[in-house]
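So the structure is just underneath, and the comments pick up after that.
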Amino acid sequence: MGTRILTVEDDERIRQAVTMALEEEGWDVTEAANGEVALDSFSTDPADVVLIDIMLPGIDGFEVCRSIRRASDVPIIMVTARADTHDVVAGLEAGADDYLTKPFAPKELSARIRAMLRRARSSEPGDLERIGVGELEISPEEGLVLKNGEELHLTKTEFKLLVELASQPGKVFSREVLLERVWGYDYFGDGRLVDVHVRRLRTKVEDDPASPRYVVTSRGLGYKLQP
Amino acid sequence: MPKGQWWRGLLARVTFAYMVGALLLSAIVVVTSYATTRTRLLTEEESSARSLFVSNAREVRRKLAALPADSDAEVRRTKYGEAVEGSRRSNGSIPLLVSPSGESHGTLSRDEIPDDLRTVVGANEIAEFRYRQMNDEQEIETFYAVGVGLADFGAEYYEIRGLADLESTLNDLLRILLAAAAAASLAGAGLGYYSARRALAPVTRISGAAQAIAAGDFKTRLDLQVDPDLAVLSQSFNGMVDALGARIERDERFASDVSHELRSPLMTLTASLEVLERRIVSLPEVAQRAVHLLRDDLTRFERLVEDLLEISRMDAGAVQLQLSTFGLGEFLINVITQSHSPQIRLEHSERNRDLRVTADKRRLAQVITNLITNANKYGGGATEITFKRIGDVVQITVEDEGPGVPESERTKIFDRFSRISSDAGRRSSDSGVGLGLSLVAEHVRLHDGRVWVTDRLDGRQGARFVIELPEGEDDDADEEMAI
């Protein structure tokens with residue numbers, strides 16, 4: 001069975017066209033015309049990737065995103081009207097892993113989905129050893145992060161971000177590099193993706209997210225994992 | 001508060017008026033009280049001196065009358081001297097007796113008596129006189145003199161008193177009065193400042209509220225309870241803010257609605273066209289040509305919609321830059337790569353290799369891309385991009401080898417929907433609307449920078465677009481930029 005995508009979009013023509021184009025790309029697509037339908041569909045039969053339009057009647061896209069995120073670490077892509085609004089940050093904070101602005105090319109969406117489904121990798125091929133940093137223990141192979149022996153629940157993107165930083169503890173990774181390695185973006189990716197995910201990651205791995213011990217900002221350069 | 005002529009401000013003017021008022025009042029008080037006191041004291045001093053002097057003169061006359069008429073000159077002189085000595089008893093006054101022969105008796109010389117007084121006394125009168133003269137300590141001092149003509153003996157009696165003590169008392173008084181006047185003026189200024197501040201407090205509140213609103217806080221309202229006198233002003237102010245807020249909200253909602261309305265069909269078109277493109281080989285040739293045409297104009301339409309929305313957001317003042325600090329070299333390499341223009345050389349000096357700039361990366365990329373696109377359309381393709389730091393600004397240039405831009409068009413080309421009027425060098429196939437350069441100008445302006453076009457510096461034909469940006473602080477926007 002192929003990878004299944006749940007598309008939440010209220011405009012019927014867009015839904016049809018996007019579904020058609022995604023199916024052409026080889027994905028299995030489930031459609032939902034509003035938030036309620038989407039949540040029902042996801043709870044009975046979870047998809048592998050969720051695509052949510054922010055502007056939905058009834059339950060809005062942010063709420064759908066939060067509800068799904070509470071139950072699952074499935075990759076979520078938000079569709080916004082504009083890139084330069086607060087919507088993007090709000091969507092990412094609601095739990096989305098990435099976003100696209102309308103109109104997007106379904107080819108681009110496919111590329112994003114493929115980037116998301118790619119496994120977290122260690123930068124050294126074949127080196128899937130556990131990485132221990134302070135109280136954290138990261139196993140890229142199993143997709144597990146333990147803190148003091150207890151499992152932390154990270155989304156796939158958060159996990160990839162952590163593994164990327166942990167591949168060379170102490171080394172500063174620029175936003176561009178992280179965008180490329182974690183999200184598969186070129187140079188012009190949106191740095192806010194990194195910033196919001198770092199913030200989300202901190203709430204899970206840090207004792208005090210306001211003064212991080214592990215995921216540290218390196219002013220003007222990027223982020224690093226403090227060994 | 002606007003810079004410049006603060007002294008024209010209401011606060012300064014009210015303070016000044018109060019100060020001047022207090023100064024005038026206290027000046028009047030000073031002048032009248034000083035003048036009255038001075039007159040009173042002088043009159044008292046002089047009248048007591050005069051009665052003393054006159055009685056002295058009478059005593060001298062009595063002594064002179066006791067003098068035998070036939071006594072010789074030597075005896076007379078001695079007696080005259082004794083008569084003067086005998087009268088020396090009032091505080092600090094100096095007597096002088098002038099004998100008929102013109103001889104002076106006493107410590108004073110006859111020459112020291114003012115001529116006017118002597119003239120009067122010579123005519124057998126009692127005369128008094130006040131005058132100013134250098135005293136022994138070389139200071140100007142006021143003297144009071146009384147002269148009595150002793151006509152029986154052909155002599156003149158004078159007595160002089162210095163008024164230095166009285167003067168110094170009066171001077172002290174004047175100083176105290178002036179100090180009090182100055183204090184009163186200052187107090188007046190203080191009172192003026194205080195009451196003006198009190199009176200202007202509502203204005204300050206309104207101006208604070210207006211500033212908050214200008215900064216985008218449309219929830220700011222004036223409290224109607226504070227001052228009933230100002231309730232009308234507060235009400236209309238609040239009404240204005242309501243209307244303004246509603247209007248801006250309406251404009252923003254309109255822009256966002258239009259944006260949504262335009263993007264939805266574009267989304268359907270884009271996705272559907274992609275399906276067609278995937279299957280293009282199975283289409284008849286004429287349908288393939290139609291699909292290509294659709295693709296070209298759909299791309300153009302998308303860009304036009306994006307540009308229009310961007311411009312309208314700028315007009316609404318709704319654009320917020322997402323600043324970050326990045327290396328210009330790497331950035332430009334990526335822009336050039338993305339623009340599929342491998343012919344463009346990127347030139348920079350060794351010194352500028354690691355030049356960093358703080359800017360909105362996406363918008364700056366659009367600026368450079370639009371300049372490259374413009375060069376492709378009108379200048380036969382961009383040939384060279386350079387960057388360097390000059391002082392505290394960063395300069396980026398984009399050059400082409402086209403016909404250049406005539407001097408008369410050099411500002412106009414940055415206007416919306418403008419085109420170079422002469423067709424020279426313009427590729428007719430793509431008559432793209434001229435939003436690109438106006439967006440370049442708007443983006444650069446948002447970055448507090450400048451953009452202009454000149455001839456190429458090397459003398460060859462072609463246009464040279466120059467963007468100048470402030471370098472910005474090299475602080476990374478960090479996560480704050482996301483919040």
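- The environment of B/R295 atom CZ is dense: over 12 non-hydrogen atoms of other residues, nucleotides or ligands sit within 6.0 angstrom.
- Counting non-hydrogen atoms of other residues, nucleotides and ligands closer than 6.0 Å to NZ of A/K107 gives a total of 12 or fewer.
- Highest contact tally toward chain A, considering only B/E306, B/E302, B/K361, is held by B/K361 [criterion: heavy-atom pairs under 4.5 Å].
- Atom CZ in A/R192 sits 11.0 Å away from atom OG in B/S324 (nearest 0.5 Å).
- Note: B/F331 and A/Y187 have tilted aromatic rings, judged against thresholds of 30 and 60 degrees for the angle between ring planes.
- Under the 4.5 Å side-chain criterion, counting only non-hydrogen atoms from C-beta, B/L266 is not in contact with A/K102.
- Your options are A/E176, A/E9, A/Q16, A/R15, and the one with the most heavy-atom pairs under 4.5 Å with chain B is A/E176.
- Applying the 6.0 Å contact sphere to CZ of B/R389 captures no more than 12 heavy atoms from other residues, nucleotides or ligands.
- Between A/A17 and B/S272, the closest heavy-atom pair is CB-OG, 3.5 Å.
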Evaluate B/T270 against A/F104 for side-chain contact (heavy atoms from CB on, under 4.5 Å), listing each step before the verdict.
CA-CA 7 Å; B/T270 306; A/F104 58 84; over 6 Å; no
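- With rounding to the nearest 0.5 angstrom, the CD1 atom of A/I14 is 11.5 Å from the CZ atom of B/R263.
- Of the listed residues (B/N334, B/L269, B/V275), the greatest number of heavy-atom pairs within a distance under 4.5 Å of chain A belongs to B/N334.
- Using a 4.5 Å cut-off between heavy atoms, B/E330 contacts chain A through both its backbone and its side chain.
- A heavy-atom distance below 4.5 Å is not found between the side chains of B/E274 and A/M20.
- Residues B/R279 and A/E24 approach most closely at NH2-OE2, 2.5 Å, considering heavy atoms.
- Side-chain contact between A/D190 and B/Q322 is present, with heavy atoms from C-beta onward closer than 4.5 Å.
- With a 6.0 Å radius and a threshold of 12 heavy atoms from other residues, nucleotides or ligands, B/Q343 has its CD atom above the threshold.
- With a 4.5 Å cut-off on non-hydrogen atoms, B/V335 touches chain A through its backbone and its side chain both.
- In this structure, B/Q338 and A/D186 approach most closely via the heavy-atom pair NE2-OD2, 3.6 Å.
- Looking at heavy atoms from C-beta onward, B/R362 lies out of side-chain contact with A/F188 at the 4.5 angstrom threshold.
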